[in-house]
Protein chains: 2
Amino acid sequence: MADDQLSRAFTALADPTRRDIVARLSLADATPGQLAEPFAMSLQAVSKHLKVLEEAGLISRTRDAQRRPCHLETAVLDEMTAWVDRYRRSAEERFRRLDAVLAAMDDDVQDDELQDNHEDQQDEDEGAPSP
Amino acid sequence: MADDQLSRAFTALADPTRRDIVARLSLADATPGQLAEPFAMSLQAVSKHLKVLEEAGLISRTRDAQRRPCHLETAVLDEMTAWVDRYRRSAEERFRRLDAVLAAMDDDVQDDELQDNHEDQQDEDEGAPSP
DNA sequence: GTTGTTATCAACCAATCGGTTGAGAAAGGG
DNA sequence: CCCTTTCTCAACCGATTGGTTGATAACAAC
């Protein structure tokens with residue numbers, strides 16, 4: 001996995017066990033023991049999943065005697081929706097413009113064919129990954 | 001990786017190279033060759049990334065002579081934001097209610113302090129909002 | 001046909017992932 | 001003090017990931 005914030009977040013939610021943990025933590029804080037109870041896996045395995053979620057910034061942990069209650073943090077969830085929504089909107093806006101162009105071509109059907117060359121690509125987000 | 005739709009989608013976006021591909025496809029459809037050009041990796045490696053994106057339902061491919069233009073599909077992006085937003089909303093709604101309870105308890109404490117200065121057992125609430 | 005371009009398939013490799021078991025740390029209660 | 005509960009750390013293991021190189025398929029152009 002790449003070591004940037006967004007990669008950690010998407011990786012964390014790529015596992016169904018971790019998504020289930022997030023879903024339950026959205027309802028109430030819980031200890032590792034409580035979170036592990038419904039799963040057919042060891043507490044140690046759940047502890048590893050919690051570590052992944054914590055390093056992604058999706059959860060935080062406090063201390064209560066031996067217990068380490070887990071708390072869902074929403075800031076990284078916000079960043080994820082922001083990323084996904086940005087490119088979804090960008091794509092849908094482009095499709096909308098394309099539809100408009102096609103409609104205009106229908107209107108101008110007596111004219112010559114339009115040549116649409118789109119050689120424009122830019123990237124203001126992540127640059128090329130290091131090899 | 002688990003073989004369900006959401007796991008494939010989050011796994012696909014967990015890699016910075018694949019996120020960069022998605023970002024560029026949001027601006028314009030592109031062929032594997034065009035997509036591979038800015039990366040310091042082989043065309044075969046990019047082809048593998050495109051396969052991951054396609055199996056996640058994030059892109060589709062058509063045919064144009066030897067070229068296989070890639071097109072960003074937004075439906076799965078929608079499902080991802082729906083999932084993330086659902087649990088973010090759930091958690092934030094819960095925090096909002098908790099704040100209300102704490103505010104009410106503050107009022108009670110102030111009332112108690114006005115009437116009688118007694119020590120009670122309310123040390124169980126770790127509801128401290130993170131900084 | 002032959003040549004050139006574009007992209008995928010196949011085999012391989014080191015690193016990582018998701019699980020296991022066993023040991024041990026941290027805290028409270030007898 | 002010892003004992004129990006709760007949780008993490010460490011080592012291990014098989015499967016998967018993300019890259020490589022080489023071969024090959026599919027198509028255009030000559």
Side-chain angles (χ1 to χ4, degrees), chain A residues 1-4 6-22 24-25 29-56 58-71 119 126 128-131, chain B residues 1-4 6-22 24-25 29-56 58-71 121 123-124 126:
Chain A
M1 193 216 344
D3 62 340
D4 63 284
L6 224 33
S7 294
R8 274 192 286 263
F10 280 114
T11 298
L13 294 193
D15 184 279
T17 299
R18 290 193 291 259
R19 283 201 305 279
D20 189 85
I21 289 173
V22 166
R24 284 157 61 206
L25 287 177
D29 291 2
T31 66
Q34 293 170 326
L35 291 169
E37 193 270 327
F39 295 122
M41 70 179 72
S42 67
L43 173 64
Q44 290 95 320
V46 171
S47 184
K48 280 192 182 184
H49 283 304
L50 293 174
K51 192 175 183 183
V52 172
L53 289 167
E54 185 178 32
E55 285 170 351
L58 287 166
I59 69 171
S60 60
R61 291 143 121 173
T62 51
R63 181 168 272 291
D64 168 31
Q66 312 101 329
R67 271 141 254 122
R68 305 293 311 278
C70 300
H71 177 83
E119 296 294 331
E126 348 181 332
S130 44
Chain B
M1 192 213 350
D3 61 341
D4 63 284
L6 224 32
S7 295
R8 275 192 286 261
F10 281 113
T11 298
L13 294 192
D15 185 278
T17 299
R18 288 192 292 259
R19 283 201 304 281
D20 189 85
I21 289 173
V22 166
R24 285 157 60 205
L25 287 178
D29 291 2
T31 66
Q34 292 171 326
L35 291 169
E37 192 270 326
F39 295 123
M41 72 178 70
S42 66
L43 173 64
Q44 290 95 321
V46 172
S47 184
K48 279 192 182 183
H49 284 303
L50 293 174
K51 191 175 183 184
V52 172
L53 289 167
E54 185 176 33
E55 285 170 352
L58 286 166
I59 68 171
S60 60
R61 291 144 122 173
T62 51
R63 182 169 269 291
D64 168 32
Q66 313 101 326
R67 271 142 254 121
R68 303 294 311 279
C70 300
H71 177 83
Q121 73 288 0
D123 52 12
E124 200 71 26
E126 271 284 344

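Every chain is numbered from 1 and lettered A, B, ... according to where its sequence line falls, protein lines coming before strand lines. Heavy atoms only: backbone and side chains are in, while hydrogens, waters and symmetry mates are out.
- Protein atom CG of A:Leu50 is 7 Å distant from nucleotide atom P of D:dT8, rounded to whole Å.
- Looking only at distances, a side-chain donor or acceptor of B:Ser7 sits under 3.5 Å from a matching main-chain atom of A:Ala14.
- A distance-only check finds no donor-acceptor pair linking the side chain of B:Arg19 to the backbone of B:Ile21 [under 3.5 Å].
- Between A:Thr31 and D:dC7, a side-chain N or O to OP1/OP2 separation shorter than 4.0 Å is present.
- In terms of heavy atoms, A:Ile59 sits closest to A:Leu50 at CD1-O, 3.6 Å.
- In this structure, A:Glu37 places its CD atom 15 Å from C1' of D:dT6, rounding to the nearest Å.
- Taking each heavy atom of A:Ala36 and A:Leu43 in turn, the nearest pair found is CB-CD1, 3.9 Å.
- When the options B:Arg61, B:Gln34, B:Arg24, B:His71 are evaluated for a side-chain hydrogen bond (donor to acceptor under 3.5 Å, both in side chains) with B:Asp29, the one that passes is B:His71.
- Put simply, the side chain of B:Arg18 gets close to the backbone of B:Thr11: a donor and an acceptor are under 3.5 Å apart.
- In this entry the distance linking CG of A:Leu35 with C1' of D:dT8 reads 15 Å, nearest Å.
- Taking all atoms of both residues into account, the shortest heavy-atom contact from A:Leu13 to B:Phe10 is O-CD1, 3.4 Å.
- Between B:Asp15 atom CG and D:dG19 atom C1' there is a gap of 11 Å when expressed in whole angstrom units.
- Ion pairing between B:Lys48 and B:Asp15 fails under the 4.0 Å rule for side-chain N and carboxylate O.
- Along DNA chain C, the stretch of nucleotides lying under 4.0 Å from any heavy atom of chain B spans, 5' to 3', C:dG4 to C:dA11.
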Dump the pairs, protein N or O against N or O of nucleotides 12-17 of chain D, anything under 3.5 Å, distances to one decimal.
none

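- Distance alone, capped at 3.5 Å, is enough to place a donor-acceptor pair between the A:Arg68 side chain and the A:Thr62 backbone.
- Distances shorter than 4.0 Å separate some side-chain N or O of B:Ser42 from OP1 or OP2 on D:dT20.
- We find the CG-CG distance between B:Leu25 and B:Leu58 to be 10.0 Å, quoted to the nearest 0.5 Å.
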#### Entry: Protein-to-nucleotide contact annotation, 5' to 3' order, nucleotides 24-30 of chain D [B base; S sugar-phosphate only; - none; under 4.0 Å, heavy atom]
---BS--

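- Nearest-nucleotide mapping onto DNA chain C: of A:Met41 and A:Gln44, the residue sitting toward the 5' end is A:Met41.
- Across all non-hydrogen atoms, the minimal contact from B:Arg8 to B:Asp3 is NH1-O, 2.8 Å.
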